[in-house]
Structures are given as structure tokens and as C-alpha cells.
Amino acid sequence: MENGDVFKAIADPTRRKILDELTERDGQTLFEICSRLTMKHRITSSRQAISQHLELLEAAGLVVSRREGRYKFHSVNPAPLEQIVERWLNRPAGESR
């Protein structure tokens, strides 16, 4: 996974809100995410549009999904963001790589 994929994924405000919602309450279904986006943020995107946002977040490694029966639960995976933080923010001043 490239850092560019992560940056592209978090560039969109709706995808950032999805990550915010999953951070606040992990393991949500598409229906739950759509409901929370509508109620809390007045985002009225279609379920198909939110599903596409989730697919892009998954492709960037920021969201992982698991199936249980007919339901698909989505969770945040912070590892790609941690790699970025490690690369640029957690190294001592003057250290080069």
C-alpha cells in the first residue's frame, strides 16, 4: 500500500467523517454508518455512495471488514496512519533516513 492511497482516501471530507464515526463506534454496518452520517453530520449520500467510500478506505488499508451472516461490519485500521506519523513526526530532529 502506498502512502498516496492513504492521502487520497483521507482527502475526501465524507471519508474522514466515516473514519470519525468508526473511531467513535467500531464495528458498524453500512446501514449504521449511513444513519450516523445523516443524523450527526447531515450527509445524505446514498448507501451506494457510502459503500464506494468504504471500498476506497479498505483499499487504502484504513478500514477492515468482516462478514457475519448477511451483515458486513467495518472497523478502523490505524496502521497506515501510524506509518505516516512514524515516517515524518516520530523521529528525532536532525535524523535522516
Side-chain angles (χ1 to χ4, degrees):
M1 179 219 22
E2 294 286 319
N3 284 339
D5 296 337
V6 174
F7 290 124
K8 179 181 176 186
I10 62 175
D12 182 86
T14 299
R15 289 192 287 272
R16 289 193 304 270
K17 292 293 183 198
I18 291 170
L19 290 174
D20 288 342
E21 288 305 317
L22 290 174
T23 299
E24 188 174 305
R25 186 167 168 272
D26 212 24
Q28 294 185 61
T29 64
L30 175 61
F31 177 79
E32 292 171 311
I33 294 167
C34 290
S35 296
R36 290 173 69 98
L37 291 173
T38 299
M39 290 187 316
K40 291 177 68 179
H41 305 287
R42 306 280 189 246
I43 296 172
T44 57
S45 298
S46 69
R47 287 176 70 175
Q48 181 179 0
I50 299 302
S51 180
Q52 290 171 344
H53 284 302
L54 284 165
E55 286 175 18
L56 202 149
L57 289 166
E58 273 191 83
L62 293 166
V63 169
V64 293
S65 300
R66 73 180 180 354
R67 278 210 176 271
E68 283 186 25
R70 52 181 252 195
Y71 296 102
K72 188 174 182 183
F73 296 90
H74 306 278
S75 300
V76 170
N77 176 24
L81 294 173
E82 291 167 352
Q83 292 170 1
I84 291 169
V85 168
E86 190 64 34
R87 178 177 174 179
W88 284 311
L89 300 178
N90 285 346
R91 59 177 185 184
E95 180 185 310
S96 62
R97 294 195 178 185

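Here, residue 1 is the first one in the sequence, and each next residue gets the next number.
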Lys72: what forms a side-chain hydrogen bond (donor to acceptor under 3.5 Å, both in side chains) with it, not counting sequence neighbours?
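side-chain hydrogen bond (donor to acceptor under 3.5 Å, both in side chains) list for Lys72, sorted by chain: empty.
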Which residues share a side-chain hydrogen bond (donor to acceptor under 3.5 Å, both in side chains) with Glu24, sequence neighbours left out
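Testing Glu24 for side-chain hydrogen bond (donor to acceptor under 3.5 Å, both in side chains), a comparison that skips the adjacent residues, returns Arg36, Lys40.
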side-chain contact (heavy atoms from CB on, under 4.5 Å) partners for [X], two or more places apart:
| X | result |
| --- | --- |
| Thr29 | Phe31, Glu32, Tyr71, Phe73 |
| Ser51 | Leu30, Glu55 |
| Thr14 | Asp12, Ile18, Ile43, Ile50, His53 |

Pairing residues for Arg70 by the salt bridge (Lys or Arg N to Asp or Glu O under 4.0 Å) criterion, not counting sequence neighbours
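With sequence neighbours excluded, Arg70 shows a salt bridge (Lys or Arg N to Asp or Glu O under 4.0 Å) to no residue whatsoever.
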Hey, does the side chain of Arg15 reach the backbone of Ile10 with a donor-acceptor pair shorter than 3.5 angstrom?
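No, Arg15 side chain to Ile10 backbone: no donor-acceptor pair under 3.5 Å.
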State, to 0.1 Å, how close [X] and [Y] come at their nearest heavy-atom pair, and which atoms those are.
| X | Y | answer |
| --- | --- | --- |
| Glu21 | Gln28 | O-NE2, 3.1 Å |
| Pro80 | Leu62 | CB-CD2, 3.9 Å |
| Val76 | Asp26 | N-OD1, 3.1 Å |

Exactly one of Val64, Ile33, Leu57 should register a side-chain contact (heavy atoms from CB on, under 4.5 Å) with His74. Which one does?
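Single pass found, and it is Ile33.
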Using a 6.0 Å cut-off, check whether atom CZ of Arg66 has over 12 heavy atoms from anything other than its own residue.
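Enclosed.
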